[in-house]
Amino acid sequence: MKVGVLALQGDFREHSNALIACGVDAFSVRRSEELADADALIIPGGESTTIAHLAQTFGIFDAIKQRISSGMPAYGSCAGMILLADEILDAAMGQKTFGGLDIVVRRNAFGRQVDSFETELEFKDGFPEPLRAVFIRAPWVERVGPKVEVLASVKSHPVAVRSKTLLATSFHPELTGDHRTHQYFVDQVARPALKKVQ
Amino acid sequence: MAEVTGTGRVKRGMAEMLKGGVIMDVVNAEQAKIAEDAGAVAVMALERVPADIRAQGGVARMSDPDMIEKIQASVSIPVMAKARIGHFVEAQVLQSLNVDYIDESEVLTPSDYENHIDKWNFTVPFVCGATNLGEALRRINEGAAMIRSKGEAGTGDVSNAMMHMRKIGGEIRRLSSLREDELYVAAKELQAPYALVKEVAETGKLPVVLFTAGGIATPADAALMMAMGADGVFIGSGIFKSGNPAQRAAACVKATTFWDDPKVVADASRGLGEAMVGINVADLPAPHRLSERGW
């Protein structure tokens, strides 16, 4: 399995390193040709408005949207969660998302940078030990659709959710050196989804 | 399940999210909107861009809180603001305004010619300028969560940014080549704490994100800095002192992402109109060189 990491802006290198640590082939995606080589895609942390802007400028926006809607597995952290959401609140004017995940996300919901925090998180789908999660100007999920499962919450706000092919977290597992979230994406989301396609 | 704010990871992590991006100086809400629409990852709110500070002279200070709040209200991307070197009360004021990052900046007139701000005392993260590795490590030791090479602000002359990136990169590469028992003297020479010197020698990079600043005026300048190993770019006067700010801003964003593709940089450079009027750093009398502020 080859996992692309959208490398327009943000902490894409940290995501690539986490994937490599999970024993997966990881490579940067900035162009449509590179996207075509990816079996699955990670959308990194960064500035969601910038990433969306660059994706449109360089003509890869529609291709990503189309691949996601036709079942390519994808994982988004923070800005990536926003970009996977069907609907966003407190968006910049005209801000677009790739969509695909039936959730409503509120941008910067936990506040500005002085409110950024880390905490221990219980992850529903069986991590025996809690996860150290880093939230940076983080969004939360305000509503989930019927086919979306909530995996973790902070103060009753969902911060990790999944559908059959998509995973999204408000926090940044790529910053902690704990690769269980990436392993979960590879083993529990991407591989089963790709098996069904074949 | 206690939630902890202001940790090193949260402060340094914020800078990680800005990587590959352009942070633009803005002086009002309208410019901030232009920057956001052009794809800036953050804006730096200040009263006068460095070129005007240079032209008008006098003492340059923290911006008016009203002006910072108007900019915060007008955009959804992070808003940074500058405090004078050593002016911890300006920093406390900026933190109380909920700015997302404080730049303890040599572009403003220093308030203390010996000490910088003790940045560990703050929840908000700080970025500081550096011209060499020792200076960068001293700032990190004081709690800076992000470093920018200083360059020479307000000139549109990229040569000092280049010199500082080469210097920092060169000194890091030299540390990596030393024997372990030579790192003690290296720390003495760099005037930096041994623990940080050892960490840099082992990892081959700074423990925090390194942006570049000071004199970047064109898409090619931005791409050059990325090629020199910068994680991202600050553009101060370069955008809003140019003929067509919206287009130049978008062009610099593009060139920063595709810095390694000359075709993209060429396209981004087309038809931008007039760049900011430059000043050669060599023509600046030494007391007017901002990069020499900081100790």
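Protein chains get the first letters and strands the later ones, always in sequence-line order, with residue 1 at the start of each. Everything quoted here is computed from the prediction, not taken from an experiment.
- For Gln113(A) (side chain) and Val10(B) (main-chain N/O), a donor-acceptor pair under 3.5 Å exists by modelled atom type.
- A heavy-atom distance below 4.5 Å is not found between the side chains of Glu16(B) and Ile136(A).
- Top candidate by heavy-atom pairs under 4.5 Å with chain B, chosen from Thr49(A), Ile51(A), Leu8(A), Asp90(A), is Leu8(A).
- Atoms CG and NE2, from Asp37(B) and His53(A) in turn, are 8.5 Å apart once rounded to the nearest 0.5 Å.
- In terms of non-hydrogen atom pairs under 4.5 Å with chain A, the most contact-rich of Asn98(B), Val264(B), Val209(B) is Asn98(B).
- Of the possible polar contacts, none joining the Ser76(B) side chain to the Ala91(A) backbone as a donor-acceptor pair under 3.5 Å is found.
- For Phe12(A), no part lies near chain B; criterion is any non-hydrogen pair under 4.5 Å.
- For Ala42(B), no part sits under 4.5 Å from any heavy atom of chain A, backbone or side chain.
- Heavy atoms of Tyr101(B) lying under 4.5 Å from chain A are absent altogether.
- Counting non-hydrogen atoms of other residues, nucleotides and ligands closer than 6.0 Å to CD of Glu30(B) gives a total of 12 or fewer.
- With a 4.5 Å cut-off on non-hydrogen atoms, Val75(B) does not touch chain A at all.
- In this structure, chain B has no heavy atom under 4.5 Å from any part of Ser48(A).
- Using modelled atom types, no side-chain atom of Thr5(B) and backbone atom of Asp115(A) make a donor-acceptor pair closer than 3.5 Å.
- The number of heavy atoms from other shown groups lying within 6.0 Å of NZ (Lys33(B)) is above 12.
- Within a 6.0 Å sphere centred on CZ of Phe110(A), other residues, nucleotides and ligands contribute more than 12 heavy atoms.
- Annotation: the span from Arg31(A) atom CZ to Asp261(B) atom CG amounts to 4.5 Å, rounded to 0.5 Å.
- Interface summary for chain B: among Thr57(A), Leu175(A), Val114(A), Val134(A), the most heavy-atom pairs under 4.5 angstrom belong to Val114(A).
- For the pairing with Met17(B), the side-chain contact (heavy atoms from CB on, under 4.5 Å) check across His172(A), Glu47(A), Arg137(A) returns one residue only, His172(A).
- Contacts between Asp231(B) and chain A at a heavy-atom distance below 4.5 Å involve the side chain alone, from C-beta outward.
- The residue among Lys254(B), Arg9(B), Lys11(B) with the most heavy atom pairs within less than 4.5 Å of chain A is Arg9(B).
- Asp267(B) does not touch chain A: none of its heavy atoms, backbone or side chain, sits under 4.5 Å away.
- The candidate from Gln95(A), Glu174(A), Arg30(A) with the greatest count of non-hydrogen atom pairs under 4.5 Å with chain B is Arg30(A).
- Of the charged side-chain nitrogens involved, none lies within less than 4.0 Å of a carboxylate oxygen, so that Lys19(B) and Asp11(A) do not count as a salt-bridged pair.
- Of the two parts of Arg112(A), the backbone and the side chain both hold a non-hydrogen atom closer than 4.5 Å to a non-hydrogen atom of chain B.
- Among the candidates Thr123(B), Ile77(B), Val124(B), the residue making the largest number of heavy-atom pairs closer than 4.5 Å to chain A is Ile77(B).
- Ranked by heavy-atom pairs under 4.5 Å with chain B, the first of Ala79(A), Ser116(A), Pro130(A), Gly45(A) is Ser116(A).
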